[in-house]
Each structure stands twice: as structure tokens, then as C-alpha cells.
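Protein chains get the first letters and strands the later ones, always in sequence-line order, with residue 1 at the start of each. If you're wondering where the values come from, they're calculated on a predicted model, not measured in any experiment.
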Number of protein chains: 2
Amino acid sequence: MIRLLLAEDHHLVRGAFAALLGTEPGIEVVAETGRGDEAVRLAVELRPDVAMLDIDMPGLDGLAAAERIAETVPSCRVVIVTGYGRPGYLRRAMAAGVRGFVGKDNPAATLAQVIRQIHGGGRYIDPELAADALSMRECPLTPRELDTLRAAASGAPVSRIARELRLSEGTVRNYLSSAVTKLAVENRHTAVRRARDMGWL
Amino acid sequence: MIRLLLAEDHHLVRGAFAALLGTEPGIEVVAETGRGDEAVRLAVELRPDVAMLDIDMPGLDGLAAAERIAETVPSCRVVIVTGYGRPGYLRRAMAAGVRGFVGKDNPAATLAQVIRQIHGGGRYIDPELAADALSMRECPLTPRELDTLRAAASGAPVSRIARELRLSEGTVRNYLSSAVTKLAVENRHTAVRRARDMGWL
DNA sequence: GCCGAGCCGTGACATTTGTCAGGGTCCGGC
DNA sequence: GCCGGACCCTGACAAATGTCACGGCTCGGC
């Protein structure tokens, strides 16, 4: 019997996943939660065989939760299930030692299969998303550029970003301009969106 | 037996919903799809008792699909299920004659209850979302302001927006400025986000 | 040691964006 | 009829943003 931990922020979807997996022989959902930090706590406490994590969660996002679980409960295999096919996410997930990565566009039957495969020691990467990630170059932005982009993401004016980061306004403008050039977009706002779409932000 | 049409763009989630509702006595899923236009076609063809629509779908969004179904298959009651609690969406849904509106943050048991209630001639509005919508004023933006905001949403510079809308740059800046003031935000980019969050865009 | 590459930081300058005052049109109330 | 209000549109001016040339720092290769 595979003991499964289920983490997904939308209550309704979580319940539906539980119903779906409940019909599968050999799989038992031992706990479910809508928060990333809760997921880590439950993994430590219950030592499930497999943890299935959504990325978009309050408290701690699914990728960060995966990292923590890999550190503290190495026996627990992690599969990420996400609606956003962002190349950077897949990269981060792989770095975190995740064993499975599945997009929400797959047929329902895939899910149980993947869980069994992961539990058996295998790996599963959504072929669609893998192709995207491989065809994609690494993030070309420097740490400082990412900092400024993150700070700019809320729509704050340069003056505020500069204060937050303790930089001169000129420097902030410079980083943003550089990011804009590297991402080949027109202005920082589209740069923010592009970076977010890539999963870099 | 309640004959149900299920429309939700994420295949995996759709399958999970089908599994969840499949365990409910008295409910039969007669068709499922991931596209809004398909949902309308299937409703016309199969005349289900209830259609459960997600908002975020390719082809035709759930709200537009609800409008079409209300026109062409009045016997079919519609319930909207959505992850985004945008006040404007609820308003549009009500205007379209939707009988139920449920956020994805509800417990799984709610769903079947709501479907039964709708089918019995009742209505159900997510109390959480209803409160948001009622506490919210109507969209204060004029048609032209909405046009410019929509055009600005992609991050295009004023010059391009002006060309698209056949306006002088000054006029475009003026509309955007007006929208920014009305929404009480700092610049057009946050204005775009705010308007989108409200479901006005 | 020293050279080059890459990152961090800055100010001055050009361009874009935001703000303001104001003119034109349409429509409903009196 | 005409008044007030709401909307559409514009150009001129001020403020924010984007661009550029430049200097300092660290680190790895030679």
C-alpha cells in the first residue's frame, strides 16, 4: 500500500484528487492540506511514501516544500503537480530532487500511474514540459537584476525600489534596463511578466 | 438522475471532478470537455439538466459559454466553478442567468449539494464571494478607459496603443491617467492588474 | 603579477509617461 | 431652450523611466 500525502491549495480540487486516488487500489491518502508549510510538517510526522505537491500554495510554495522534504524526509518521494508549465519551475524541481513532475493537462489516469512509478523508484517528467525546459536557455539574469525585477513586480516606482534595495535610482534603472535588453522586451513591466512566465522570478 | 455536463480546462482536474461526482448517487456525468465552445455545442446536443463550467477555458470563457447556454438551452441550469474570486465575474455570471457560483476553496462536499440544489430550482452563491461582490462598487471606468487599459495590458508603450485605437498619444495618456486616479493606484501597470483582479478588464 | 571577463554601482542625458487646463459633443431634467 | 454633467479628445508642461559611458571590485587563467 502506497501511503500518500496530498497538498493542493484549492480545497475543492484537493477533495476531487482524493476521490480520484481513493478509487485506485494500492494507494491510500494518509493526509491532505492546502498549505506548503503544513505539508512539510505532515511529511515529517507521518513519513508518507509519496508526497504530491501543487506549486501554488500559501505558506510555502510547492517547490520550497519539496526542497525541505527532500532534506528532512529523504525516504519520501515527491511528485509535483502544477497547472503552470514554467520551464524554470521544472529546473528548480529537478534540483530539489523531485522524482516526478506532471502538468494538470494530462488525463486523470496518468496521475496514479506516475505515483506508482515514483514509488517503485522510477522517475516521471511530463514530456511536454520537459521539451519546453530543454529548449530553453538558462536564466541569463544576474542576482541583482532578479532582485530589482522582483521589487519591480508589484508596480512600484523606481524611487521605492531604490529605497528597498538601498541603491541609487540610477543603479536600479540600470539593472532594469539590462534585464529588459537581455529578455528582448520593451520595458520593465513586460520584462517582469516574461521572467515570471519563465519561472525565474 | 441529474444529467451533468462538465467543462474545465485542466484535464487532470476535470477527471478528478468526474471521479468525485461519479461517487454521488443521483448524478450522472453525461459529457465532459476542456473548451468553452465545445461546452455550448454539447449542451445544445445533449440537453443536460445542469452544466458545470470553469471560467478559465480556451475557445470561449465560462461566462460567455454560460450566456450562450442560457439563450439556446434555457432548460439547462448553469453553475460556475472558479478559482478566481473576482467580483466582476460574479456580477457577469448573475447577469447571464447563472444559478450557482462556487469558489474552488470550498470543501468537496459542497459541489454535489450545490448541483442538487440548482437542479431542484434553487440558487447558490458562494457566501465569501458574494460578500466581496456586494462590498464592491460597480466598475467606475468608462468604455474608452477600459479600451486603453486593455490595450495597455500587454505592456505596449503609449505610442502603440495610440496607433491601435486611432487616438493621439495625449488622449491615451489622459485615459490611462484617469483610470489610475479612479483606481487609486500609482501607475497604469498596477491599474491594469487592479482592473483585472476585479474582473473588469 | 597581471589581464580579461563578469558583476556591481553611479551620474548625466534623451525619451517616455503622467498631469493639467481646457474645448467639443451628446443627453436628460427643468 | 438651456443648463449641468458625463464622456471624448487634445496639446503643453513636469516627472518618471530608459540609455549610455564610465569606474571599482573580485575571481580564474596564464
Side-chain angles (χ1 to χ4, degrees), chain A residues 88 91-92 95 136-201, chain B residues 88 91-92 95 136-201:
Chain A
R91 230 176 252 283
R92 256 181 80 195
M136 192 67 51
R137 67 193 179 294
E138 287 270 359
C139 172
L141 304 170
T142 70
R144 249 11 202 154
E145 285 163 2
L146 285 170
D147 287 345
T148 45
L149 269 189
R150 254 187 292 272
S154 66
V158 171
S159 56
R160 187 131 42 92
I161 301 172
R163 233 175 303 131
E164 271 176 35
L165 272 53
R166 313 297 176 90
L167 289 174
S168 101
E169 302 198 0
T171 306
V172 170
R173 280 201 289 275
N174 215 205
Y175 284 140
L176 291 173
S177 176
S178 163
V180 164
T181 307
K182 284 180 180 173
L183 301 181
V185 293
E186 284 179 322
N187 55 47
R188 62 212 175 95
H189 302 284
T190 52
V192 164
R193 198 164 37 189
R194 169 64 61 96
R196 188 177 282 148
D197 285 350
M198 292 297 190
W200 293 334
L201 190 139
Chain B
R91 231 176 252 283
R92 256 181 80 196
M136 192 67 50
R137 65 193 180 295
E138 286 270 2
C139 173
L141 303 171
T142 69
R144 248 11 202 153
E145 285 163 1
L146 285 170
D147 287 345
T148 46
L149 270 188
R150 255 187 290 272
S154 66
V158 172
S159 56
R160 189 131 40 94
I161 301 172
R163 232 174 305 130
E164 271 177 37
L165 300 176
R166 313 297 176 92
L167 289 174
S168 100
E169 303 198 0
T171 306
V172 170
R173 281 201 288 276
N174 215 206
Y175 284 141
L176 291 173
S177 177
S178 163
V180 164
T181 307
K182 284 180 180 173
L183 301 181
V185 293
E186 284 181 321
N187 54 48
R188 62 210 173 99
H189 302 283
T190 52
V192 165
R193 200 166 32 190
R194 169 64 61 97
R196 188 177 282 149
D197 285 350
M198 292 298 191
W200 292 335
L201 190 137

Less than 4.0 Å between a side-chain N and a carboxylate O, is that true for B:Asp147 and B:Arg144? yes
Quick one: which of C:dC8, C:dA12, C:dG18 gets closest to the side chain of A:Tyr175? C:dC8
Return the value, rounded to whole Å, for the distance between atom CG of A:Asn174 and atom C1' of D:dG24. 14 Å
Would you say A:Ser168 places a side-chain N or O within less than 4.0 Å of OP1 or OP2 belonging to C:dG9? no
Taking atom P of C:dT19 as reference, at what distance in whole Å does atom CZ of B:Arg173 sit? 11 Å
Closest heavy-atom contact between A:Gly155 and B:Glu186? O-OE1, 4.2 Å
I want to check one thing: is the phosphate of C:dC8, taken as OP1 and OP2, less than 4.0 Å away from some side-chain N or O of A:Thr142? yes
Touch check for A:Thr171, heavy atoms < 4.0 angstrom, all strands: base, sugar-phosphate only, or nothing? base
Given 3.5 Å as the limit, does a donor-acceptor pair link the side chain of A:Arg91 with the main chain of A:Trp200, or not? no
Name the nucleic acid region contacted by B:Arg144, choosing base, sugar-phosphate or nothing; use a 4.0 angstrom heavy-atom cut-off, strictly under. sugar-phosphate
Positions of residues 158-166 of chain A (non-hydrogen atom under 4.0 Å from DNA chain C), listed by number: none
With no hydrogens and no angle check, is any side-chain donor or acceptor of A:Arg193 less than 3.5 Å from a backbone partner on B:Ser154? yes
Treating A:Arg150 as the side-chain partner and A:Leu201 as the backbone partner, does any N or O pair qualify as donor plus acceptor under 3.5 Å? yes
Distance-only side-chain donor-acceptor flag, A:Asn187 / A:Thr190, under 3.5 Å: yes
Of the listed nucleotides (D:dT10, C:dT10, D:dC8), which one gets closest to any side-chain atom of B:Pro143? D:dC8
Between P of C:dC7 and CG of A:Leu146, the distance in whole Å: 11 Å
Within residues 176-201 of chain B, the residues having a heavy atom closer than 4.0 Å to DNA chain C are B:Ser177, B:Asn187, B:Arg188
Using side-chain heavy atoms (C-beta onward) and a distance below 4.5 Å, is A:Tyr175 in contact with A:Leu165? no
Shortest non-hydrogen pair, B:Ala151 vs B:Ile161, comes out as CB-CG2, 3.7 Å
Is a donor on one side and an acceptor on the other found under 3.5 Å between the side chain of A:Ser178 and the backbone of A:Asn174? no
